[in-house]
Each structure stands twice: as C-alpha cells, then as structure tokens.
Amino acid sequence: MKEKIKELILSALRKVQKEEGKEIDIPIFNIEVPKVEAHGDFATNVAFLLTRSLKRAPRQIAALIVNHLPATAWLEKVEIAGPGFINFFLKETAWQQVVKEIITKKEDYGRGDPQNIKVLVEFVSANPTGPLHIGHGRGAAVGDSLANILAFAGYDVRREYYINDVGRQMRILGHSVYLRYLELLGEQHAFPKDFYQGEYIKDLAKEVFEKEGDKYKHMPEEEAILAFSRYAGERILKEIKEVLDGFGVQFDNWFSEKTLVESGAVKELLVWLKEQGLAYEKDGALWFASSRFGDEKDRVLVKADGATTYFASDLAYHKNKMERGFDLLVDIWGADHHGYVARVKAGMQAMGYDPEKLQILLIQLVHLKRGGKPVAMSTRAGEFVPLKEVLEEVGKDAARFIFLTRSCDSHLDFDLEVAKSQNMENPVFYVQYAHARVCSIEKMAKEKGISFPPLEEIDLSPLTEPEEVRLMKMLAQFPEVIEGAARTLEPHRLPYYLTELAGEFHRYYNKHRILGMPDPIAQARFALAQAVKTVIKTGLNLLGVSAPEKM
RNA sequence: GCGCCCGUAGCUCAGCAGGACAGAGCAGCGGACUUCUAAUCCGCGGGUCGGGGGUUCGAAUCCCUCCGGGCGCGCCA
C-alpha cells in the first residue's frame, strides 16, 4: 500500500519536473502512517525536503505535487495539512483488498521476495562448561526469532552455534570433575577457586563413578583429566542441545572450535597475519595489531606459554564464515562481551573483509525476579538459575514472548510471577487468545450448522465499520513490520505489533458480532476474522510461540 | 580513568530511517457477560521524554556536555 502511494508521488514529481523544465533532486522521503487518524491513512513529508531545491514554501510545493497526482480509483481524498504535509485518505475498498490478499496468500502473506543474500546468524554459543542460564535463554530467543524473521523476509539464513571445545576452560572443566571424582573415592584435594564450583560437576563425577568405578584413579592424572574433559564437555553439550530443543531452537550447524584448530586454520591465519605485518612478537607473545583498525590496543594471539587465545580462534572462525560465502554475519553476544566488538571488527578489516558485514547484537542482562524481588542466585551456591528450571516453571511460550518483547539494548526484568500470570502484564496470552477466539467462531459455526462459501469468493464490501477499517489497516502493516524488523535486526517489533493487532481484534469482537448477522455481513466479517487469525499465527510462528486453537 | 548500553506516566516498557497535540500495559477509580471464550472490552486521572547547550522549518529521536544506573576494560573465557 505504501509502495503505491510512493509511486503516485514519484509520478507527480516527474510531471512537475517536466513542467518546470529543470532537474529536481528527488529526495528520500517518508511515507508513514500518522499517529492521528484525522491526518489520514498515510502522510508524506516530501514537500519539506524540496524547499531548498525549489526555493518555495513547503505548502506551495505540496500543492504543486497534489495537483499533479495521477487519478486513482482507491483514493478518497488528498489534503495538504499543517506546515506542508500531504495526507492521503484511502477508500474502504483499498483496505478490503488487504483482506483478499491475506486470504489468497495465507501463511505467505508478509513474506518478502527472495533477496539472494546469505546470512549466518550465530547465537547462544555458550561454552560447554555448564548449564545454560536465563541470559542464554534471551540470546536463544532473539537469535532464533531473528533468524526466522530474516528468512521470512527473504534472506537465505543459516543458524550456527560455535562450540569452544578446546583450550584451558575445557581442561579446567575436566580437572574439576576429576577432583570431585577423587572425592567420591575418599580422596580429599584442595578445590581451586577458579575451578567450576557447581553441583552439576559433582553429578557428572558421580555418573562416571557409577558407570566405570574407580578406573580413572589408577590412570596417570593427565590422561584422566583429558578423559573427564571430553566426557563432561560432550555430556554438557548434549544437555544444552536438549534444553534448546525444548525451547524450540534448532541449529543448522554446530561449529566446533576444535576442528578449526586441528585443521590448521588457526595456525595458517597466524602465519598469514605475520607475513602481512599485522602480527608481531613482543614479550614472548604474538600480538595482533588491532589498534591499526580502530581497536584501542593490540591483542594477544599467542601467549608466552605458547597457547593460542580464544581471540585467535575467533578470527579464524570469522574468516571461515566469510569463506563460506555469507554476505552478512550476525553475531549475538551477551552485553558483557561488548569489549570484543572492536577487536573482532578490526580482525575482519585486517583479513580484508568489510567490517559492516559483521553485525554484532549485544543482548543486555536479564534480571530474574519473583514477585518483584530479585532472584540472583539459585540455592546451589555460585550458580545462575538454569534456563531449564525457568522453562519448567513458566513454559516456552511465555518465556519466549517476554524475551522478545523488549529491545535488545534494554535490561530485562524477568519476573517469574508475571510470566505465569494470565493478564495483560503478560501479553502472550492476550495475543494467543485473539487467535483462539477466531478458532472458536469457526467451531461454533460448525456446531450451529452455519457454512460459509470459500473465502476467496466472499464479498468484502460490507466491511465498513470504523473498527473493521482499523483492523484492516493493522493487517496491511504486517509486511512492513517484517521488513523493518529484518532490516534493523530488531525482532521486538513483531511482538509489539501482534499485541496491537490482537487488541484491535478484541475491541472489534466485543463490539460487533459475526455469527448470526445477515449473510453478506456475517460472511465478510468471517473472512476478516480469518485474515486476523492468519497473520497472528504467522507472527507467533516467527516468534516460536504456539498459536493454540482454544484456551 | 577509558569504552559500550540505558535514563520516557507510580511500575514494566514502546516510540517505526527527525515530523504535526508523547503511547501501551500494569497499578488506582468507575462501568459492561440470558447472545461467537469477561484470559475480553469501555471510561477517568497521571509525563518540564534525566539536566543544559547546539544542528533543523521541525528533536524523545542527530551532535556536544554534565548528572544518574548497568556492564566491560587480563598473555581469562
């Protein structure tokens, strides 16, 4: 709809151009839905933007444009308003077309044309050294839904989880389990502070003991630690996969850092960086000259003890991503990693890639609360509340909706009581309820033996009530909401839209009846309700939230 | 000290590529179920958009500065 208005304006501008006999720089102008209904269905600021080049007052320019607008059947009227806005008022039939379109396209309504742009969304990527906590849940929800939205908007999307399965942390993990294992066998050892303290370490040790007895006690320490490291890593990763699966999150690829190291890709990159003069030795370590690319200081790639840093792997990983032919990389990180943005972008640049091709979304912290009071830690000392427990308590739908109904830049208060409540504090039910209500109408019609003609054949012209027009306008915005959420990488726009759409429907439902009205009206309203149902369902699917038929 | 994010109604948050008088929900008060689910709807009150400068025809939105909060500043991940 917006596009059609835009074409009208452009066509008018071309005519003006001809008449004036001079070139006008056609500016990038806005067409927006005004906040106030009295300002029409769409408004444009184009006249303001032309004041310089035409050297006339905005209202005069607006008049010039309006006088050159081509005639159209679906425009009710055009007004010049305020300091020089042009307001467009559409006929009801224009909005009715939207319903027709939804009925025809069904779940494909709002889908963008294929863009032929390959995007890799990398998210969660939590180290397999402990269970996922609620912060990972937010990242998972955002990453997964953003990937859904991007795919729906027409991008070619892949989802990936990067596993840090080598290095010091994995060794410490193995060592931690090993020590707990020895404790089970009656040996007491000092348990270092920087080892993994959680109860789950003890559980893992117990598992090994129950399966294999004291076998590892007689093994050389190094060998045992390695075995425990591998076992614990795999075991924890398996659980991470299970929790994510239950959260509706699946990945196309689980990318192992180990393969990157073992294939020699990390070493090759280091050699290349040295050859290019982008890496240098100092104090026994190898440094990447990231400060040359906007980072505040240089960063270590190889420590003096000969071990490579995670950063070295990260660079090789991003190089690998680009080599796989992606046009856009989206990384979703916890906000506590923001200090790494500059260095990874510096790396992109050093490796010859446009740093703009890497978009990093920083997700702010989640504060877990219960009835307004902070739940900082679980009863298990030193652990965050596991995501698994949160999901068991509040369910996937509520959790995902809450995680997604907030801009990533904002801190999120996640209140367990609110997440379980069934009122507008927790809008997931509000949206789902709208969907269920439409389903309920269908069911009731069936029970009463009322049958409707195929939706495509229904005459929509009776849809003229103000509530109906408003509803149709909301439906018309859906494709733009998708496009906007994808372009800005802001999935939170979608749940907000769905809440508004549901609200518009609830209002309509309370005021007007569908069944029991004379045929033409009942049929048209039924078709409208079906359109609402379709859009809500599509939207909820993109969020990974179910659309129940009854509640 | 430096860097990133945030500061909008009592609370939780929107504000869409600067646009026309700043929005929603919750909380408070008052209403609506013999009719498609009241997990809903309707009405009322409530804000110097943290403060101050600047850019602009126009700023919650962009720039500068100050104040407040969070996070990060390791040859840790």
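Values reported hereafter were calculated over all heavy atoms of this structure, with side chains retained and with hydrogens, waters and symmetry mates removed. All values reported here derive from a predicted model rather than from experimental measurement. Every chain is numbered from 1, with letters handed out A, B, ... down the list of sequences.
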Pairs flagged by salt bridge (charged side-chain N to carboxylate O under 4.0 Å, His left out) wherever residues 394-406 of chain A is involved - sequence neighbours left out: A:D144-A:R400
For RNA chain B, stems built from three or more consecutive Watson-Crick or G-U wobble pairs below 3.5 Å: B:1-7 with B:67-73, B:10-13 with B:23-26, B:28-32 with B:40-44, B:50-54 with B:62-66
Residue-level proximity of residues 278-289 of chain A to RNA chain B when a heavy atom falls under 4.0 Å: A:K282, A:D283, A:A285, A:W287
No-hydrogen, no-angle side-chain donor-acceptor test under 3.5 Å, A:D415 and A:H367: no
Donor-acceptor pair between A:Y496 and A:E490 side chains, under 3.5 angstrom: no
Distance test, side-chain N/O of A:R437 to OP1/OP2 of B:rC36, below 4.0 Å: no
Under 3.5 Å side-chain donor-acceptor pair for A:Y196 and A:Q169: yes
Electrostatic pair A:E296:A:R343 at N-O distance under 4.0 angstrom: no
A:R507 vs B:rC42: side-chain N/O to OP1/OP2 distance below 4.0 Å: yes
side-chain N/O A:S410 vs B:rA14 OP1/OP2, d < 4.0 Å: yes
Separation between the P atoms of B:rG51 and B:rC67, rounded to whole Å: 15 Å
Short side-chain N/O contact from A:K35 to OP1 or OP2 of B:rC21, under 4.0 Å: no
Any A:K550 side-chain nitrogen or oxygen under 4.0 Å from OP1 or OP2 of B:rA39: no
Stacking check A:F48 vs B:rG58 (5.5 Å / 30 deg): no
Side-chain N or O of A:Y433 closer than 4.0 Å to phosphate OP1/OP2 of B:rC36: no
Separation between the C1' atoms of B:rU61 and B:rG15, rounded to whole Å: 9 Å
Which nucleotide in B:rG3, B:rC13, B:rA38 has an atom nearest any side-chain atom of A:Y496: B:rC13
Under-4.0 Å side-chain N/O to phosphate OP1/OP2 contact, A:H39 with B:rC21: no
Separation between the P atoms of B:rC11 and B:rA20, rounded to whole Å: 26 Å
Pairwise P distance for B:rC36 and B:rG45, with rounding to whole Å: 33 Å
